Structure formats: structure tokens, C-alpha cells
Colleague: 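Can you read through this structure? Questions will come right after.
Keep in mind that this is a model prediction, so the values were computed, not measured. Note: hydrogens, waters and symmetry copies are ignored here, and every other heavy atom, side chains too, is used. Index from 1, following the sequence.
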Amino acid sequence: MIRIVIAEDQELLRGTITSILNLEDDMEVVGQVKDGQEALALVHQLKPDLFIMDIEMLERDGPLEAVKTVGCHLLVLTTFPKKGYLERAQQFDAGGYLLKDSPSEELTSSIRSIVEGKRVYSPKLIEEDKESQESGSFHISHPPGPVKNYFTMIMNKMKSPAG
């Protein structure tokens with residue numbers, strides 16, 4: 001089971017990501033907070049496999065060396081690609097850097113890859129760097145087999161009688 005802590009200041013987005021990840025058979029969100037300082041304490045307490053954090057929080061709430069001391073992988077999310085953010089994510093040794101509007105399948109497959117030790121950076125976020133692109137170190141892995149359609153799953157559950 002991949003244990004995850006999420007730090008996201010937007011409550012709706014935090015709840016949505018949590019719900020999507022908890023639908024996966026091999027993932028569990030064990031904690032969620034609205035700011036980076038609370039998150040660091042939670043990461044130390046829960047020792048998750050993966051910590052998901054917004055790039056703006058990363059910038060605002062400072063160094064995350066503490067996350068690495070518990071052996072936790074870091075996935076950084078952003079709303080908009082901004083110049084210099086890729087380098088910032090790499091400075092913090094992030095295993096992944098994705099757009100918040102990425103498909104849920106991309107998020108879940110990326111989490112699995114990151115926990116396996118791979119680096120996953122969205123091609124849309126990679127600034128023009130031919131050397132990095134040629135090395136093949138930046139990729140989005142796609143899940144093998146059928147892709148879950150979360151919208152259909154949720155709608156089908158809503159149609160089922162409660163109780």
C-alpha cells in the first residue's frame with residue numbers, strides 16, 4: 001500500500017485528489033493539510049511513502065530536507081508552468097512535477113513510478129532543454145492495461161441506491 005500525505009491550500013482540490021487516490025487499490029491518503037509547516041510535522045509523524053505538495057507552498061514554506069530524512073518521496077504539483085519552477089523542483093529532489101489539471105490516470109501512474117524510484121516530469125512543464133529530453137529522464141508513464149474512468153465510476157456509485 002502506498003501511503004500518501006497531501007499539502008494543498010485549496011480545500012476542494014485537496015479533497016478531490018484525496019478521493020481519487022483513495023479509489024486506487026494500492027494507495028491510501030493517510031493525511032492532508034492546508035500548509036507546508038503542518039505537513040512537515042505530519043510527514044514526520046506518519047512517515048508516508050509519498051508527499052504531494054503545491055510548488056507555491058514549496059516556495060513559501062521553505063526547505064523540505066526533513067521530508068527526505070524519513071525516506072519519503074516528493075511529488076510537486078503546479079497550476080501554471082512558470083519559468084524556473086522545474087529547476088526549483090529539482091533542487092528539492094522532487095521525484096515528480098505535474099500540472100494540477102493532469103488526468104487522474106497520469107497522477108496515479110506517476111505516483112507508482114515515483115515510489116519505484118523513477119523521475120516523472122510532465123512534458124508540458126519541461127522548459128526547452130534538449131539535453132534533458134534526449135537523456136530520457138523526463139517522462140510520464142502510462143498505466144498498463146485498461147485505464148480507470150473515475151467519472152464513470154463515481155456516476156455509477158451515485159446511481160446505486162443508498163443503504
Colleague: Report the distance from atom CD1 of Ile114 to atom CG of Leu50, rounding to the nearest 0.5 Å.
Modeller: 6.0 Å

Colleague: For Glu116, enumerate each residue passing the salt bridge (Lys or Arg N to Asp or Glu O under 4.0 Å) test, keeping only those at least two apart in sequence or located in another chain.
Modeller: Lys118

Colleague: Please name the residue in the list Leu42, Val5, Asp49 that meets the side chain to side chain contact (heavy atoms under 4.5 Å, CB included) test with Val30.
Modeller: Val5

Colleague: Looking at CZ of Arg14 and CD1 of Ile6, how far apart are the two atoms once the value is rounded to the nearest 0.5 Å?
Modeller: 9.0 Å

Colleague: How close do Asp25 and Met1 get, counting heavy atoms only, and between which atoms?
Modeller: O-CE, 3.5 Å

Colleague: Could I get the full list of side chain to side chain contact (heavy atoms under 4.5 Å, CB included) partners for Ser102, not counting sequence neighbours?
Modeller: Leu98, Leu99, Glu106

Colleague: Just how far is it from atom CD1 of Ile111 to atom NE2 of His73, taken to the nearest 0.5 Å?
Modeller: 12.0 Å

Colleague: Output all residues satisfying side chain to side chain donor-acceptor pair (under 3.5 Å) with Glu11, sequence neighbours left out; order by chain, then residue number.
Modeller: none

Colleague: Sequence neighbours excluded, which residues qualify as side chain to side chain contact (heavy atoms under 4.5 Å, CB included) partners of Thr16?
Modeller: Leu12, Ile20

Colleague: Mind listing the closest non-hydrogen atom pair of Gly15 and Gln32 along with its distance?
Modeller: N-OE1, 4.3 Å

Colleague: In chain order, what residues pass the side chain to side chain donor-acceptor pair (under 3.5 Å) check against Lys47, with sequence neighbours excluded?
Modeller: none

Colleague: Side chains of Gln90 and Tyr97, heavy atoms from C-beta outward: is any pair under 4.5 Å?
Modeller: no

Colleague: Suppose we screen for side chain to side chain donor-acceptor pair (under 3.5 Å). Which residues come up paired with Asp26, at least two apart in sequence or across chains?
Modeller: Arg112

Colleague: Work out which heavy atom in Arg119 is nearest to a heavy atom in Ala94; give both atom names and the distance.
Modeller: NH1-O, 2.8 Å

Colleague: Suppose we screen for side chain to side chain contact (heavy atoms under 4.5 Å, CB included). Which residues come up paired with Glu38, at least two apart in sequence or across chains?
Modeller: Val33, Lys34, Asp35

Colleague: Rounded to the nearest 0.5 Å, what separates atom CG in Leu77 from atom NZ in Lys100?
Modeller: 6.5 Å

Colleague: Are Val76 and Phe92 side-chain neighbours, meaning at least one heavy-atom pair lies under 4.5 Å?
Modeller: no

Colleague: From Leu107 CG over to Leu21 CG, what is the distance, rounded to the nearest 0.5 angstrom?
Modeller: 5.0 Å

Colleague: Atom CD in Gln10, atom CG in Asp54: separation rounded to 0.5 Å?
Modeller: 7.5 Å

